[in-house]
Amino acid sequence: MERPLINLLGMNKQALEAFLLEIGEKPFRAVQLHKWMHQQGVIDFDQMTNISKPLRERLKTLAEIRPPRLRDTYSAQDGCHKWIVEVESGSGVEMVYIPEAGRGTLCISSQAGCSLDCSFCATGKQGFNSDLTAAEIIGQLWLANRELGGFVSHEARPITNVVMMGMGEPLLNFDNVVGAVALMMDDNAYGLSKRRVTISTSGVVPGIRRLRDFTDASLALSLHAPNDALRDQIVPINRKYPIRELLDSVRDYLAALPDSRVATIEYILIAGVNDHRAHARELAELLRTLPCKINLIPFNPFEGSEYARSSNSAIANFRKLLQDAGYTVTIRTTRGDEIGAACGQLVGQVDDRTRRSARHLAERARNEALNEVRVVTLS
Ligand code: SAH
Ligand code: SF4
């Protein structure tokens with residue numbers, strides 16, 4: 001039986017050198033291959049002119065360079081793009097490009113769906129299908145770079161920042177995520193600054209604790225609530241890893257970094273749920289000893305969700321309270337609205353293996369029947 005070809009696209013330096021050694025080649029060829037794949041966008045071995053013909057022929061019998069397929073492209077008036085990327089499991093995941101003055105941010109996915117079921121998140125509502133491979137994660141950057149002309153012009157780089165804030169929980173797909181992140185920061189690949197590659201997590205504490213041994217990328221924490229009682233409800237993984245443990249792990253990660261860096265605390269603002277002044281005061285107190293900045297994200301509605309976005313005055317008050325307490329606070333503006341590219345609206349085309357969507361619908365119908373009102377108490 002013929003052996004399947006090995007996909008080289010997702011291999012970082014270590015992995016590619018190991019592969020080359022295994023086939024009896026010199027490991028320095030990893031640099032050449034990386035430059036071809038990730039700087040020139042070349043995926044055809046025959047075009048790799050500084051690699052000898054016999055080696056190219058040999059590589060063709062053992063390996064391939066296969067980015068994922070682009071299924072759909074949506075472009076918004078404000079310059080944002082959303083792409084649906086097809087992954088091996090058959091699902092479509094989403095990535096979003098957001099151009100701003102002086103920088104371009106690519107928001108990429110780490111999983112098809114998500115198992116963590118945060119109450120406000122469209123991705124979570126559709127359940128989990130599969131982890132993306134390292135090739136599928138870095139492949140998103142490769143595809144976006146190709147689409148934006150980044151392999152042609154090297155002067156103006158279209159993508160300067162990558163955030164893992166698309167679909168899925170990056171730290172539940174740890175190995176593939178840290179492998180791909182290494183490639184993003186490798187000077188022979190994309191050469192992004194470690195400050196400009198951000199892993200966003202909803203609070204997988206063992207993953208945060210392992211992270212320092214593998215990367216020094218920036219960290220964003222999706223906190224969304226200032227106390228365990230409320231966070232248990234809207235970010236269910238909090239029941240496993242409560243806030244105190246979580247903040248300790250983030251503090252330790254920052255302390256292990258060679259430079260001084262702050263974590264980004266993400267806090268979604270949902271009307272009547274977590275946007276009261278008392279929540280802002282409690283948050284200010286909670287974060288007092290953590291080096292951080294706070295990013296407020298007005299809730300983005302999606303079909304089937306029972307939440308609403310906080311009013312502009314509630315958002316402004318929340319921000320002011322935190323600023324007065326000494327924090328740097330930004331409010332995430334909604335971009336790419338008309339193409340469904342905003343945070344939390346990413347649904348892709350995922351076939352839920354957990355059948356969560358069906359369960360949710362049944363649950364919602366039951367709750368509606370009982371006319372259940374969920375009351376969130378302020379502590
Ligand atoms: N699983 C990771 C990364 C993906 S979610 C995490 O939770 O951090 C990326 C960001 O989008 C998170 O901060 C998340 O809380 C936010 N988000 C999810 N649903 C949203 C919604 N409906 N409106 C606004 N932001 C949302
Ligand atoms: Fe998963 Fe993040 Fe959405 Fe929560 S917010 S369900 S962790 S993708």
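Being a predicted model, the structure only gives us computed values, none of them experimental. We count ligands from 1, going down the list as the structure has it; atoms in each ligand are counted the same way.
In this structure, Asn317 contributes its side chain and Ser313 its backbone to a donor-acceptor pair below 3.5 Å. Judged by distance alone, the side chain of Asp228 and the main-chain N or O of Ile243 form a donor-acceptor pair under 3.5 Å. Of the possible polar contacts, none joining the Glu303 side chain to the Ala122 backbone as a donor-acceptor pair under 3.5 Å is found. Remark: side-chain polar atoms of Tyr267 are paired, donor with acceptor, to backbone N or O of Asn274 under 3.5 angstrom. A distance-only check finds no donor-acceptor pair linking the side chain of Asp186 to the backbone of Asn12 [under 3.5 Å].
Inclusion of Phe299 in the set of residues having an N or O under 3.5 Å from an N or O of ligand 1 is not warranted.
Not a single heavy atom of Arg332 lies less than 4.0 angstrom from ligand 1. Distances shorter than 4.0 angstrom occur between a heavy atom of Gly166 and an atom of ligand 1. By the 4.0 Å heavy-atom criterion, Met167 is excluded from the residues contacting ligand 1.
Remark: ligand 2 atoms within the under-4.0 Å shell around heavy atoms of Asp117 are 6 (S). The Met165 neighbourhood of ligand 1 comprises atoms 4 (C), 9 (C), with distances under 4.0 Å to a heavy atom of that residue. Of all atoms in ligand 2, numbered sequentially from 1 with element shown, those under 4.0 Å from a heavy atom of Gly124 are 6 (S). Residue Thr201 approaches ligand 1 through these ligand atoms, each under 4.0 Å from one of its heavy atoms: 6 (C), 8 (O). Of all atoms in ligand 1, numbered sequentially from 1 with element shown, those under 4.0 Å from a heavy atom of Met164 are 3 (C).
Checking Glu169, His224, Arg309, Glu266 against atom 15 (O) of ligand 1, the nearest heavy atom belongs to His224. Around atom 1 (N) of ligand 1, the closest heavy atom drawn from Gly168, Cys114, Ser202, Ser119 belongs to Gly168. Looking at Ser200, Ser222, Cys118 and measuring to atom 12 (C) of ligand 1, the nearest heavy atom belongs to Ser222.
The protein heavy atom nearest to atom 7 (S) of ligand 2 is Ser202 OG, 3.4 Å. Given atom 2 (Fe) of ligand 2, the protein heavy atom at minimum distance is Gly168 O, 4.5 Å. Among protein heavy atoms, the minimum distance from atom 1 (Fe) of ligand 2 is reached at Cys114 SG, 2.3 Å.
Counting all heavy atoms, side chain and backbone alike, Phe318 lies closest to His276 at CE1-O, 3.6 Å.
Side-chain contact check for Ser110 and Asn173: no donor-acceptor pair (N or O, by modelled atom type) lies under 3.5 Å. Side-chain contact check for Thr201 and Glu169: at least one donor-acceptor pair (N or O, by modelled atom type) lies under 3.5 Å. Counted by atom type alone, Ser200 and Glu266 present one or more donor-acceptor pairs between their side chains at under 3.5 Å.
Between His81 and Tyr97, the ring-plane angle classifies as parallel under the 30° and 60° cut-offs. Using the six-membered ring where Trp is involved, Phe174 and Phe214 have ring planes that are perpendicular, over 60° apart on the 30 and 60° scheme.
Under 4.0 Å from ligand 1, the heavy atoms of Ile297 that appear belong solely to its side chain. Heavy atoms of Val235 found under 4.0 angstrom from ligand 2: none, in either backbone or side chain. Here Cys118 has heavy atoms under 4.0 Å from ligand 2 in both its backbone and its side chain.
Summarising the geometry, atom NE2 belonging to His34 is positioned 9.0 Å from atom CE belonging to Met11; distances are rounded to the nearest 0.5 Å.
Atom 1 (Fe) of ligand 2 has no N, O or S atom of Cys121 closer than 2.8 Å.
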